[in-house]
Visitor: 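What follows is a single structure, and I will ask about it in a moment.
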Amino acid sequence: MPIIAPSLLAADFSNLRHEMGSVAEAPWLHLDVMDGHFVPNISFGMPVIKALRPHSRARFDAHLMIEPADPYLAAMAEAGVDHITVHVEGNAHLHRTLQSIHALGCKAGVAICPATPPEALSEVMDMVDIILVMTVNPGFGGQKFLHGQLAKIRTLAGMIRQSGRDIVLGVDGGIDETTTPLVTEAGATMLVAGSAIFGRDDRAAAIRGLRAAAKPAILAPSGE
Ligand code: DX5
Ligand code: ZN
């Protein structure tokens, strides 16, 4: 059963506390932080996250679409996030960034854009806790799923198996009941979903629908 992480980016920003409550049955809450520089959009940052923190029991899963990320890691942890995911693109000293995230007591994630090959993560497989495959180009919700990313999900699932580590393999962008069977068969264990959850009146039903659409992973026979 995949972890469902509703993306607050698709929520009604005039009523965030209530919106967060409407997805309380999901174990993670995905928080998209954008800087208008790494991605062509600006969302929200630490003050908003800090204000929401006392009102949810979910693990706060921050997805930093900011460049550079290093100067903001401590403030993110202080705002109460549990996971900090940075991009492999735009963070030149990724190894040190992941070390810094761990030193702050958070789980460390790496997100990878559609144009970046999976091998970009090969040297951090011993320290990353979450890999987030972008199945759209980051910056906006409601975009169309990029089917070309399925091969990358499969490759990364193989790399995770080879590492022998318990790494969460997330997907982000265009995830709904149609694309969930594809990404879970490819090996995804965590699904970020914005419009597919917040775009529906009954959020609990939307979360259940995604869980029900998941399929068992089809593993490559050689284990590569
Ligand atoms: C896009 C963000 C996503 C976004 C997904 O840059 O990283 O988390 O909210 O939105 P949907 O699920 O609507 O594609
Ligand atoms: Zn995201």
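One-based numbering, in listed order, for ligands and for the atoms of each. Keep in mind that the numbers below use all heavy atoms, side chains included, and drop hydrogens, waters and symmetry copies.
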Visitor: Is the shortest side-chain N to carboxylate O distance from R53 to E78 below 4.0 Å?
Guide: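 Result for this pair is no, no salt bridge flagged.
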
Visitor: Are the ring centres of H83 and H63 closer than 6.0 Å?
Guide: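 No, they do not, as the ring centres are separated by 6.0 Å or more.
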
Visitor: Report yes or no: do D12 and H18 form a side-chain donor-acceptor pair below 3.5 Å?
Guide: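 No donor-acceptor contact under 3.5 Å links the two side chains.
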
Visitor: Just by modelled atom types, is the P118 backbone N or O under 3.5 Å from a matching donor or acceptor in the T155 side chain?
Guide: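 Looks like no, no N/O pair under 3.5 Å.
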
Visitor: Does D61 come within less than 4.0 Å of K107, counting only side-chain N to carboxylate O?
Guide: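 The answer is no: the pair does not qualify as a salt bridge.
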
Visitor: Is it true that the side chains of S7 and D32 contain a donor and an acceptor less than 3.5 Å apart?
Guide: yes

Visitor: So, the side chain of T179 versus the backbone of D176: is there a donor-acceptor pair under 3.5 Å, distance only?
Guide: yes

Visitor: Around the Zn ion (ligand 2), how many protein N, O or S atoms are found at less than 2.8 Å?
Guide: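 If we list every protein N, O or S atom nearer than 2.8 Å to the Zn ion (ligand 2), we get 4.
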
Visitor: Near ligand 1, which residues have a heavy atom under 4.0 Å away from one of its atoms?
Guide: S7, L9, H30, D32, M34, H63, M65, M134, P138, G139, F140, G141, G142, D172, G173, G174, V192, A193, G194, S195

Visitor: Indicate whether the side chain of T135 and that of Q149 have a donor and an acceptor atom separated by less than 3.5 Å.
Guide: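 No, no side-chain donor-acceptor pair sits under 3.5 Å.
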
Visitor: Looking at F198, is R203 sitting on its ring face, NZ or CZ under 6.0 Å from the six-membered ring centre and within 45 degrees of the normal?
Guide: no

